Engineer: 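Please find one structure pasted underneath; my questions will follow.
Quick caveat: nothing in here was measured; it's all calculated off a predicted structure. Naming convention: chains lettered A, B, ... in sequence-line order (proteins, then strands); numbering from 1 in each chain.
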2 protein chains.
Amino acid sequence: MTLSLHERIRTDIESAILSGKLAPEDRLPVEHELMQTYQCSRMTVNKALSALAAAGLIERRKGAGSFVGRPHAHSMILDVPDLPVEVAKRGHVYGYQLLVRRLRAAARGNAEEELLAGGRRLLQLDGLHSADGAPLAVERRLVSLAAVPAIADADLEKEPPGTWLLRHVPWTEAETRISAVPADAEIARLLKTPVGTACLLVERQTWRSSERITAVRQYFLGTAYHLVARFGSSRP
Amino acid sequence: MTLSLHERIRTDIESAILSGKLAPEDRLPVEHELMQTYQCSRMTVNKALSALAAAGLIERRKGAGSFVGRPHAHSMILDVPDLPVEVAKRGHVYGYQLLVRRLRAAARGNAEEELLAGGRRLLQLDGLHSADGAPLAVERRLVSLAAVPAIADADLEKEPPGTWLLRHVPWTEAETRISAVPADAEIARLLKTPVGTACLLVERQTWRSSERITAVRQYFLGTAYHLVARFGSSRP
DNA sequence: CACCTTAGAATGTATAGACATATGGCGCAA
DNA sequence: TTGCGCCATATGTCTATACATTCTAAGGTG
């Protein structure tokens with residue numbers, strides 16, 4: 001694969017940074033120098049540097065120059081898999097059981113629920129995910145009927161609500177909180193495990209431009225599940 | 001904040017996609033149409049579309065057109081904070097205590113360690129992170145001396161090795177595995193918590209282009225710490 | 001010496017045009 | 001009808017230029 005010129009400039013600088021030849025806070029050659037080095041126009045150099053800036057590898061300061069950014073271990077890509085897909089990929093048979101389906105108002109005094117409901121009702125959906133028949137995770141989900149009226153008529157017996165939402169509802173923002181908690185009595189009963197077992201708790205909220213769509217708490221059996229996040233500097 | 005023209009084109013299309021107006025696999029207007037719409041040159045349109053392609057929101061096919069990418073619900077940005085910074089941000093006093101510092105060979109039969117060592121020795125660094133004097137996390141780290149000879153001379157009494165590495169060693173790839181485990185006897189003793197307490201286990205390995213640099217296991221007190229991952233349409 | 005002004009340097013944005021290259025459909029020929 | 005080749009289409013890359021914006025440093029002034 002022959003790289004285009006701006007790609008070559010970009011990868012040259014990228015490897016200089018990643019190999020340590022260019023250290024954080026170092027100043028890069030200015031655009032005119034790179035024009036000389038590569039015998040090309042400024043737009044070509046600019047495209048390479050802009051791409052590096054967009055990727056966070058360098059910082060560009062108008063009037064001042066371009067500088068190597070501080071290493072940014074601070075963000076990685078977290079795969080948040082659709083459970084049926086993930087379980088199947090590991091070679092197990094996925095199962096889902098809907099435990100509770102209830103239309104109700106937000107709990108009074110519960111600010112979270114009231115924000116989600118937006119004055120209207122909520123659909124509460126509790127379910128159990130399993131792999132090869134063994135419990136894997138308990139899920140407690142609330143969906144805003146104001147935001148997703150169509151879900152009232154959806155068939156959620158076989159398909160988990162997360163999968164249904166993923167396919168039917170576009171969203172713009174989401175936040176996931178990951179922690180470890182001991183299983184309380186009910187979680188323990190559903191997961192068929194002793195009370196106090198370490199569970200991976202994944203709490204996720206989803207918005208469509210400031211309108212709240214859904215909030216979910218998933219309790220994973222700690223020993224049976226894990227999340228993976230990656231960081232790779234080069235794009236695939 | 002007034003957006004430049006190419007930014008406006010980009011955000012316009014971005015919101016059309018995220019709001020669902022443009023569905024996955026839909027074809028975008030071709031560059032010449034966008035030139036008409038925005039009364040600008042092709043380079044400007046191209047810059048906007050290239051940025052969207054780099055972000056994975058659209059796919060561009062030479063000769064065919066530009067198309068909305070498949071939904072990317074499966075990946076979010078995970079913040080993997082530098083602990084001292086994160087603890088300080090929450091308004092606590094951060095502390096670090098080095099418990100074990102040992103130069104040793106890879107454990108025979110332990111494939112992980114042998115890969116990391118690359119035939120040379122490893123530096124084992126165990127430590128305890130605390131917030132306001134209370135234990136927060138136990139860390140067990142191995143560093144490849146083949147990859148990072150300089151760390152043999154580093155002062156790691158006060159500064160955690162993760163922070164030192166972040167500042168001194170560039171890396172290209174990292175993988176983080178997140179799970180929940182019960183505290184074993186030693187972890188429990190160090191964290192001053194009962195055996196079996198739910199802990200958030202973060203395991204991370206780091207490479208510099210296929211050369212392994214370091215592997216670390218961090219056991220966080222489940223109730224005292226959590227990770228946050230975000231997905232947002234707009235970049236910060 | 002401290003402060004202000006100013007010129008130059010460096011990046012940000014945009015234009016108009018040129019040629020390259022992959023794609024897909026249409027028409028022609030076997 | 002089928003298969004092949006050609007061409008219009010659309011993106012990929014690059015050039016040369018222009019002007020705007022912001023930062024830095026030099027130099028002059030009180």
Engineer: In whole angstroms, how far is the C1' atom of C:dA18 from the CE atom of A:Met43?
Structural biologist: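 Going from A:Met43 (CE) to C:dA18 (C1'), I get 15 Å.
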Engineer: Output the rounded distance in Å from CZ (B:Arg27) to P (D:dT9).
Structural biologist: 12 Å
Engineer: When the distance from CE of B:Met35 to P of C:dA14 is rounded to whole Å, what number comes out?
Structural biologist: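 To the nearest whole Å, that distance equals 14 Å.
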Engineer: Keeping B:Arg27 on the side-chain end and B:Ala64 on the backbone end, is there a donor-acceptor pair under 3.5 Å?
Structural biologist: yes
Engineer: Report the nucleotide, chosen from C:dT11, D:dT11, C:dT15, that has the shortest atom-to-atom distance to any side-chain atom of B:Arg60.
Structural biologist: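 Side chain of B:Arg60 sits closest to D:dT11.
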Engineer: It should be established whether A:Ser66 places a side-chain nitrogen or oxygen under 4.0 Å from OP1 or OP2 of nucleotide C:dT11.
Structural biologist: yes
Engineer: Counting only side-chain nitrogens and oxygens, does A:Ser4 get under 4.0 Å of the OP1 or OP2 atom of D:dG12?
Structural biologist: no
Engineer: Does C:dG17 have OP1 or OP2 sitting under 4.0 Å from an N or O in the side chain of B:Ser41?
Structural biologist: no
Engineer: Examine distances only and state if a side-chain atom of B:Ser144 and a backbone atom of B:Leu116 form a donor-acceptor pair shorter than 3.5 Å.
Structural biologist: yes
Engineer: Give the intermediate values and the outcome of side-chain contact (heavy atoms from CB on, under 4.5 Å) for residues B:Lys21 and B:Val68.
Structural biologist: CA-CA 11 Å; B:Lys21 269 201 285 275; B:Val68 177; over 6 Å; no
Engineer: Working note: B:Glu203 + B:Arg217, criterion salt bridge (Lys or Arg N to Asp or Glu O under 4.0 Å); need CA distance, chi angles, decisive distance, verdict.
Structural biologist: CA-CA 4 Å; B:Glu203 299 167 278; B:Arg217 278 192 165 78; 3.1 Å; yes
Engineer: Using every non-hydrogen atom in the two residues, find where B:Leu165 and B:Val148 come nearest and quote the distance to one decimal.
Structural biologist: CD2-CG1, 4.3 Å
Engineer: List the atom of A:Thr214, the atom of A:Leu142, and the distance in Å for their closest heavy-atom pair.
Structural biologist: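 Residues A:Thr214 and A:Leu142, closest heavy atoms: OG1-O, 2.8 Å.
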Engineer: When all nucleic acid strands are considered with a 4.0 Å heavy-atom cut-off, which category describes A:Ser50: base, sugar-phosphate, or nothing?
Structural biologist: nothing
Engineer: Between atom CG in B:Leu3 and atom P in C:dG12, what is the gap in whole Å?
Structural biologist: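 Checked: the CG to P distance equals 16 Å.
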Engineer: Before giving the answer on side-chain contact (heavy atoms from CB on, under 4.5 Å), spell out for A:Ser66 and A:Glu31 the whole-Å C-alpha distance, their side-chain angles and the decisive distance to 0.1 Å.
Structural biologist: CA-CA 9 Å; A:Ser66 301; A:Glu31 295 190 348; 5.8 Å; no
Engineer: Rounded to whole angstroms, how far apart are CZ on A:Arg10 and C1' on D:dT13?
Structural biologist: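 Going from CZ in A:Arg10 over to C1' in D:dT13 covers 14 Å.
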Engineer: I need the CD-P distance between A:Gln36 and C:dA10, as an integer number of Å.
Structural biologist: 13 Å
Engineer: Rounded to the Å, how far apart are A:His6 NE2 and D:dT11 C1'?
Structural biologist: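 Spelled out: NE2 on A:His6 to C1' on D:dT11 is 13 Å.
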Engineer: Name the nucleic acid region contacted by B:Leu5, choosing base, sugar-phosphate or nothing; use a 4.0 angstrom heavy-atom cut-off, strictly under.
Structural biologist: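 If one applies the 4.0 Å heavy-atom cut-off, B:Leu5 turns out to touch the sugar-phosphate alone, with no base involved.
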Engineer: Check the angle between the aromatic planes of B:Phe220 and B:Tyr225 and answer parallel, tilted or perpendicular using the 30° and 60° thresholds.
Structural biologist: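 Geometry flag for B:Tyr225 against B:Phe220: parallel rings.
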Engineer: Identify the pairs formed between an N or O of the protein and an N or O of nucleotides 19-24 of chain C at a distance under 3.5 Å, and give each distance.
Structural biologist:
from   : atom 1 : to      : atom 2 : distance (Å)
C:dT23 : O4'    : B:Lys62 : O      : 3.2

Engineer: Counting only N and O atoms by type, is there a donor-acceptor contact under 3.5 Å from the side chain of B:Gln39 to the main-chain atoms of B:Gln36?
Structural biologist: yes
Engineer: Calculate the interatomic distance between B:Arg8 atom CZ and C:dT13 atom P; express it in whole Å.
Structural biologist: 15 Å
Engineer: Between the two ends of the helix from C:dC1-D:dG30 to C:dA30-D:dT1, what is the bend in degrees, rounded to 10 degrees, where each end axis spans five pairs?
Structural biologist: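 Roughly 10° between the end axes, to the nearest 10°.
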